[in-house]
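A short worksheet on the structure shown next.
Letters A, B, ... are given to chains in the order of the sequence lines, protein chains preceding strands, and every chain is numbered from 1. Values in this document were obtained by computation on a predicted structure and should not be read as measured data.
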2 protein chains.
Amino acid sequence: MVTLKDLARITGYSVTTVSRALNGYDDVNKETRDIILAAAEKLEYTPNINAQSLVTKRSKTIGFLVSDLKRESAKDNFTFEVLCGISEFVTEAGYEMILLSTSSSKQKNKTFRQIVSERNLEGIIIQGLKKEDPYLQEAIKGSVPTVLVDIPIENETTGYVTSNQHDSVKKAIKYLARLGHRNIAYMNGHKHAYVSEIRYQSYKEGLSEAGLEVDENLVCYGDYEEEKAYRASLDFLLSNPEVTAFFCASDIMALGVLKAAKELKLDVPKDLSIIGFDNILLTQYTSPTLSTIGQKPFELGKRGTELLLEIIQNSSTQRHIIIQNELILRESTAQPGG
Amino acid sequence: MVTLKDLARITGYSVTTVSRALNGYDDVNKETRDIILAAAEKLEYTPNINAQSLVTKRSKTIGFLVSDLKRESAKDNFTFEVLCGISEFVTEAGYEMILLSTSSSKQKNKTFRQIVSERNLEGIIIQGLKKEDPYLQEAIKGSVPTVLVDIPIENETTGYVTSNQHDSVKKAIKYLARLGHRNIAYMNGHKHAYVSEIRYQSYKEGLSEAGLEVDENLVCYGDYEEEKAYRASLDFLLSNPEVTAFFCASDIMALGVLKAAKELKLDVPKDLSIIGFDNILLTQYTSPTLSTIGQKPFELGKRGTELLLEIIQNSSTQRHIIIQNELILRESTAQPGG
DNA sequence: CTGTTAGCGCATTCAC
DNA sequence: GTGAATGCGCTAACAG
């Protein structure tokens, strides 16, 4: 390992001068700088970021905190795409990202503050935590720069990045209404997620704006799981034959509804239109293919990181970023009756 | 931020004693230790790992180096599942993981050594790099503990974790042969991946062991892409009507073959049996559902990390770990003719 | 058992 | 322009 001291010894200058030359200070003789830079290059000198951060207090590291990063969550490439987006931007900015999972941190009885101070994290991006998660509360209250994915809360050191779920859900509902659907059901996820609320609220508003009545009985709960959505919709469709369209808070649940429809010999989209949310790869392969609302998780990660670094550098003019979703129409939507 | 110095000041002991008490040395008076531990708890003291690593030379950090972590790779949840496996085990061991992408590192002209020494990484797990990638070569030659995923190379500081691809591919081929297939084609991926070679080799051996001749003309190249596999197999199936089974080096390519078969009005599995590799989620949703070889990427990540930490601690008895794959039979395989 | 001393690699005063 | 001195938070000899 080559250190500043080595470079100092070899070039004959002091550690101080070497440090300044390498960090681009302009009070260094050009010749001196060239000599030092050449030596650094030759020896493949790399600054020790840990040592740097010890004195500068800037670790050039951020954390990405997600809820249980277990086997199952791997199915959900939303998190992974966000991760990719973060990774891309973070590296561009000369930072590095550490992956943190709440489950394992809790297991180790760490507080949010500890997670952060252990590694001197400059900021944290949070995704997928339940509303009532203590880490989330700590993060919001604390003074560590934080960016939340899909949780619309902001303050001095907290920002968020999300998509225009409100508009896109309303758009989907109104689209169904325009096709002639009068009884549009909603398959909601569990109540621990902010997005469930937002989407449900938007569903209701969409109905109202389309001149349709909101009927609480047309709401099912599938917990963002295919199997649960399948079972819930099986019963539901049997007892609510007037329903001709189903809007689902996630594609995974839409798959469950699709399965139930098939089992009940309902033709999709002739007897039942279905719209999902997420645009997962599978939606292009089902039969019929699934209409859905497409998010851009990669962008969420990338822009979220951008925002986080701005908050860290105190250079941000805003505390939130909204990414546009896209209503993707495929084969699972049509007029009622065909 | 609470430091050792703070604890020393408050408890009246020296920094050294506080440090020793906290690190569980047994040459500390029990009473003293209790006082110190109590103070640490009360003030929520958290050791600064960066400072620790500066002196101990152990950063408690490993890197996960993957090839281009771009938008597209997100489709491939193999990487993500490996990542989840790493994350789980790494945290258990008190380590943290940093995500590194070759594309961005190259862009910054960093050598492998620099990537490692910048952050004092204790070890690295590598996945998805092409055979000829310079980072891979550096890693293997270098003295930094390294674990390769699916690249069977080992030496003093390098180990690998992979699945029994050899056996499982042979098993699949022999299964097809037992069903009565005599002309079994192979859809290979690009040649930059070790796994392509291994699977191809195993395919040939499987044929031989089943008493079938190896015909180089029955090999196609789909580059691990659906579209390319689709086009390659379209031509191929037209000009090779005697082929009744297709083994594909990845499920994604199997999807391409399935699409081509449908376009050619070939019934799967009646006219053409298909077996893929990976057991991606999609294989359960296609029609017909796809037979495939299931890997356990989560296990790969987890066991790989385990191995890496052993190499780091110099406690490993072996340098490689093999995880068992599973031949999963679904609807896309049958006897020729039905 | 405990404290003093030294130093990890680096950036930053402050003199010269 | 340059260097000596200081300290970031911590561990590791070495004395006592």
Exercise for the section: Just call it for B:S53: base, sugar-phosphate, or nothing, with non-hydrogen atoms closer than 4.0 Å on any strand. Expected result: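 No contact.
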Practice task
Identify whether any heavy atom of B:N29 sits under 4.0 Å from a base atom; if not, whether one sits that close to sugar-phosphate; answer base, sugar-phosphate or nothing.
Solution key: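 Sugar-phosphate contact only.
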For [X] and [N], give me the distance from atom [atom1] to atom [atom2], rounded to whole Å.
X	N	atom1	atom2	answer
A:D26	D:dT2	CG	C1'	14 Å
A:R9	C:dG9	CZ	P	12 Å
A:L7	C:dG9	CG	P	12 Å
A:L22	C:dT12	CG	C1'	16 Å
A:I36	C:dC10	CD1	P	14 Å
B:D6	D:dC8	CG	C1'	13 Å
B:N50	C:dC10	CG	C1'	13 Å
B:R33	C:dT2	CZ	C1'	13 Å

Fill in the blank from the handout: Letter by letter from the 5' end, nucleotides 11-16 of chain D scores (B base, S sugar-phosphate only, - none; protein heavy atoms under 4.0 Å) BBB---
Handout entry: Step-by-step salt bridge (Lys or Arg N to Asp or Glu O under 4.0 Å) determination, B:E118 to B:K110
Key = CA-CA 10 Å; B:E118 234 182 20; B:K110 288 183 189 169; 3.2 Å; yes
Give a yes/no answer on whether the side chain of [X] brings an N or O atom under 4.0 Å of OP1 or OP2 in [N].
X	N	value
A:K5	C:dC8	yes
A:K30	D:dG1	no
A:K57	C:dA11	no
A:S14	D:dG3	yes

Practice task
Would you kindly compare B:V28 and B:L54 by the position of their nearest DNA chain C nucleotide and give the one closer to the 5′ end?
Solution key: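 On the 5' side of the pair lies B:V28.
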Exercise for the section: Taking B:S117 for its side chain and B:N120 for its backbone only, find out whether a donor-acceptor pair lies under 3.5 Å. Expected result: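 No, B:S117 side chain to B:N120 backbone: no donor-acceptor pair under 3.5 Å.
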Handout entry: Donor-acceptor under 3.5 Å (A:E122 side chain, A:S59 main chain)
Key =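 Present.
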Practice task
Run the salt-bridge test on A:K60 and A:E96 with the 4.0 Å N-O cut-off and return the result as yes or no.
Solution key: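 Result for this pair is no, no salt bridge flagged.
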Problem - Residues B:D6 and B:R9 bridged, charged N to O under 4.0 Å - result: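 Judged by the 4.0 Å cut-off on N to carboxylate O distance, B:D6 and B:R9 do form a salt bridge.
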Which atom pairs, donor and acceptor, lie under 3.5 Å between side-chain atoms of residues 148-156 of chain A and protein residues at least two apart or in another chain?
| unit_1 | atom_1 | unit_2 | atom_2 | d |
| --- | --- | --- | --- | --- |
| A:D150 | OD1 | A:T162 | OG1 | 2.6 |
| A:D150 | OD1 | A:Q165 | NE2 | 3.3 |
| A:E154 | OE2 | A:H320 | ND1 | 2.8 |
| A:N155 | OD1 | A:T157 | N | 2.9 |
| A:N155 | OD1 | A:T158 | N | 2.9 |
| A:N155 | OD1 | A:T158 | OG1 | 2.9 |
| A:N155 | ND2 | A:I140 | O | 3.0 |
| A:N155 | ND2 | A:T158 | OG1 | 3.4 |

Problem - Option passing side-chain contact (heavy atoms from CB on, under 4.5 Å) with A:V90 (candidates A:E306, A:M97, A:K302) - result: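 Testing A:V90 for a side-chain contact (heavy atoms from CB on, under 4.5 Å) against A:E306, A:M97, A:K302 leaves exactly one candidate, A:M97.
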